[in-house]
Asks: 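Structure in structure tokens, see below.
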Amino acid sequence: MAQTVTLTRRWPAQVEAHLQSLYDLSVDTTDRPRTRDELAAALASADALCPTVTDRIDADLLGSAEVRTRIIASFGVGHEHIDLDAARARGIVVTNTPGVLTDCTADLTLALLLGIARRIGEGEREVRGGSWTGWRPTHMMGTRVTGKTLGIVGLGRIGVAVARRARLGFGMRVLFHNPTPPPPERIAAAGAEPCSTLVELLQRSDFVSLHCPATADTHHLINAERLAQMPAHAYLINTARGTVVDSEALATALRERRIRGAGLDVYEGEPDVPAGLLELDNVILLPHLGSATEETRTAMGMRVAENLAAFFAGSEPPDRLVC
């Protein structure tokens, strides 16, 4: 009898077809967030649950006596939506999909950096709105990116990829801060200069790009105090996790021009975005597109398939997080 596998959202067609050929696959074709009751039902009926970052799987859900699921194979790198301790206590294997979204997220980071520095969002809205009156010397002047200083918070895979693009593509000087020193080869690959404290990095950077995980230590890492440590001409870019930034403090800093601009792809409490940010012109707001290319989303799904295949064959899943 085929194992039962439940996907909580629609996945790329190629991946769904592949999984359909191997398992008794259940897919919610409405492609909407699952309710808590629906997640509980899926955990009670499926051998494998394949959630996304929008599905909160907490200790209460995992503690139910009806849980049948033996592996939670998540579509994405982040795993803060899953209570790993509760999964471990229940003997449920949890996997994620690291590595495959590095380049696309780094690409989008540079897109946000360039977009906010050159006021691309404002310019596009002006043209579409019919209010552009033609070229003039002082119209919508932005900030040059080439040769500026980029500060990277979190020098992991994506941080290194961003650093290389910024340094080799735009001649930027790259600084970084990491709570623990990265391996020398990683620093060399990034061509980046370490800052001993986050304050030092914030004070020295023209652009600050966040690439740290969502943890208790990084919750609201960028708050009113930290924003005040950035130069008034600086920009903040976040393609990491929304909880790393205090959105209300950022909206205030942008509105009062304490920093010049921001580019955001993630938010605390997604899909809700604070009204204070929506009303501002000096911020670019994207709907969590970091990995949103056909190539990467397909690769993420196939990475889940690899983890499932290994688990059901009695082997070690390559991306095991717990158990």
Side-chain angles (χ1 to χ4, degrees), residues 52-54 74-81 96-118 120-121 145 148 150-167 169-170 172 174-178 190 192 198 201-202 205-215 218-222 226-227 230 234-247 250-251 254 259-274 277 280 282-293 295-297 299-300:
T52 72
V53 295
T54 64
S74 190
F75 186 104
V77 175
H79 47 76
E80 62 272 12
H81 57 295
N96 64 345
T97 61
V100 294
L101 49 73
T102 298
D103 285 328
C104 283
T105 304
D107 290 348
L108 191 78
T109 299
L110 267 294
L112 281 170
L113 190 154
L114 290 165
I116 192 60
R118 296 302 305 272
I120 288 173
V145 170
K148 295 297 177 66
L150 170 65
I152 291 178
V153 181
L155 197 68
R157 291 187 185 97
I158 297 172
V160 170
V162 170
R164 287 178 57 80
R165 285 159 171 75
R167 183 171 56 86
F170 298 95
M172 300 184 82
V174 181
L175 313 175
F176 78 90
H177 174 70
N178 228 57
L198 178 58
L201 179 138
L202 296 175
S205 298
D206 301 307
F207 298 87
V208 174
S209 189
L210 305 176
H211 301 287
C212 45
T215 67
T218 63
H219 182 78
H220 287 185
L221 180 70
I222 303 300
R226 297 277 167 66
L227 289 163
M230 295 172 62
Y235 298 83
L236 179 72
I237 311 296
N238 188 14
T239 56
R241 286 291 181 265
T243 55
V244 177
V245 177
D246 181 337
S247 297
L250 176 60
L254 290 168
I259 64 172
R260 189 163 181 180
L264 308 176
D265 187 44
V266 290
Y267 313 89
E268 189 171 15
E270 294 180 14
D272 296 329
V273 179
L277 291 173
L280 298 172
N282 57 339
V283 58
I284 291 180
L285 305 170
L286 296 182
H288 206 147
L289 297 179
S291 62
T293 65
E295 298 89 345
T296 293
R297 292 282 170 87
M300 291 167 69

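All values derive from a computational prediction rather than experimental measurement.
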Asks: Measuring only between side-chain heavy atoms, which start at C-beta, is Leu236 closer than 4.5 Å to Val283?
Replies: no

Asks: Do the side chains of Val145 and Met172 get nearer than 4.5 Å, heavy atoms only?
Replies: yes

Asks: Return the CG to CG distance between Leu155 and Asn178, rounded to the nearest 0.5 Å.
Replies: 6.0 Å

Asks: I'd like to know if the side chain of Thr215 reaches the main chain of Thr218, judged simply by a donor and an acceptor atom lying under 3.5 Å from each other, with no hydrogens or angles considered.
Replies: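 Yes, because the side chain of Thr215 sits within donor-acceptor range (under 3.5 Å) of the backbone of Thr218.
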
Asks: How long is the gap from CD on Glu295 to SG on Cys104, to the nearest 0.5 Å?
Replies: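 Result: 6.5 Å between the selected atoms.
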
Asks: Please report the closest heavy-atom contact between Ala299 and Val100, naming both atoms and the distance.
Replies: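 Here Ala299 and Val100 meet closest at CB-CB, 4.1 Å.
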
Asks: Would you indicate whether Arg164, at its atom CZ, is surrounded by more than 12 heavy atoms from other residues, nucleotides or ligands within a distance under 6.0 Å?
Replies: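 Counting other residues, nucleotides and ligands, CZ of Arg164 stays at 12 neighbours or fewer.
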
Asks: Specify the closest pair of heavy atoms between Val77 and Asn96, including all atoms of both residues, with the distance to one decimal.
Replies: O-ND2, 2.9 Å

Asks: Heavy atoms, side chains only, cut-off 4.5 Å: are Phe170 and Leu114 in contact?
Replies: yes

Asks: With distance as the sole test, does Thr102 use its side chain to make a donor-acceptor pair with the main-chain N or O of Gly99 at under 3.5 Å?
Replies: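 It does hold such a pair.
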
Asks: So how far is it from Leu250 CG to Leu264 CG, rounded to the nearest 0.5 Å?
Replies: 6.0 Å

Asks: Hey, is the main chain of His288 close enough, under 3.5 Å, to the side chain of Asp265 for a donor-acceptor pair?
Replies: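 Answer holds: yes.
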
Asks: Just by distance, do the side chain of Arg167 and the backbone of Val174 share a donor-acceptor pair under 3.5 Å?
Replies: no

Asks: Side-chain contact test, heavy atoms from C-beta onward, threshold under 4.5 Å: evaluate it for Val153 versus Leu201 and give yes or no.
Replies: yes

Asks: Should Thr52 and Met300 count as side-chain neighbours, where that means a heavy-atom distance under 4.5 Å?
Replies: no

Asks: How long is the gap from CD1 on Ile120 to CG on Leu112, to the nearest 0.5 Å?
Replies: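 Those atoms lie 10.0 Å apart.
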
Asks: To check you understand the geometry: which heavy-atom pair defines the closest contact between Ser74 and His81, and what is its length?
Replies: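 Smallest interatomic distance, heavy atoms only, reads OG-NE2, 3.0 Å.
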
Asks: Quick one: closest heavy-atom pair of Tyr235 and Arg260, and the distance?
Replies: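 Looking at all heavy atoms of both residues, the shortest contact is OH-CD, 3.1 Å.
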
Asks: Can you tell me how far apart CG (Leu108) and CG (Leu101) are? Round to the nearest 0.5 Å.
Replies: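 The distance works out to 11.5 Å.
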
Asks: Could you check if a side-chain atom of Leu113 sits within less than 4.5 angstrom of a side-chain atom of Ser209, using non-hydrogen atoms only?
Replies: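 Sidechains of Ser209 and Leu113: no contact.
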
Asks: Among Leu210, Val162, Ile116, Val208, which residue meets the side-chain contact (heavy atoms from CB on, under 4.5 Å) test with Ile237?
Replies: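 Exactly one candidate clears the test, Ile116.
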
Asks: For Arg226 and Leu202, which heavy atoms make the closest approach, and how far apart are they?
Replies: O-CD1, 3.5 Å

Asks: Output the distance between atom NE2 (His219) and atom CG (Asp246), rounded to the nearest 0.5 Å.
Replies: 7.5 Å

Asks: On a heavy-atom basis, which atom in Ile259 and which in Ala234 lie closest, and how many Å separate them?
Replies: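 That would be CB-O, 3.5 Å.
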
Asks: Under 3.5 Å, is there a donor-acceptor pair between the Thr109 and Thr239 side chains?
Replies: yes

Asks: Using a strict cut-off of less than 4.0 Å between a Lys/Arg side-chain nitrogen and an Asp/Glu carboxylate oxygen, indicate whether Asp103 and Arg165 qualify as a salt bridge.
Replies: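 Salt bridge: yes.
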
Asks: Can you check whether Gly76's main-chain N or O pairs, donor with acceptor, with Thr97's side chain at less than 3.5 Å?
Replies: yes

